[in-house]
Amino acid sequence: MSKVVEAMSDRLLGLFVPKVEAAASTKACQCFNSCWQCARSACCVNTYCGSINCWRSCPGC
């Protein structure tokens, strides 16, 4: 009985919670072409301390 309830709860959870693939990055910097924090210009985020640097275009990290 518990296996049936467990399978049903897994399927129900899958309907509401999206599956996300996560991977650790060895880079201290992640660049994005459009950041809301930078008024949609490019930015680089330091993944260690969370600081954000805005740019006109994405520099290579």
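Sequence positions, counted from 1, serve as the residue numbers for this chain.
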Practice task
Could you tell me which residues satisfy side-chain contact (heavy atoms from CB on, under 4.5 Å) with Asn46, sequence neighbours excluded, listed by chain and number?
Solution key: Tyr48, Cys49, Ser51
Handout entry: Cys54/Cys38 sulfur gamma separation below 2.5 Å
Key =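 Cysteines Cys54 and Cys38 qualify as a disulfide pair, their SG atoms being under 2.5 Å apart.
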Practice task
Show the numbers, then the answer: is there a disulfide bond (SG atoms under 2.5 Å apart) between Cys44 and Cys29?
Solution key: CA-CA 6 Å; Cys44 288; Cys29 175; 3.9 Å; no
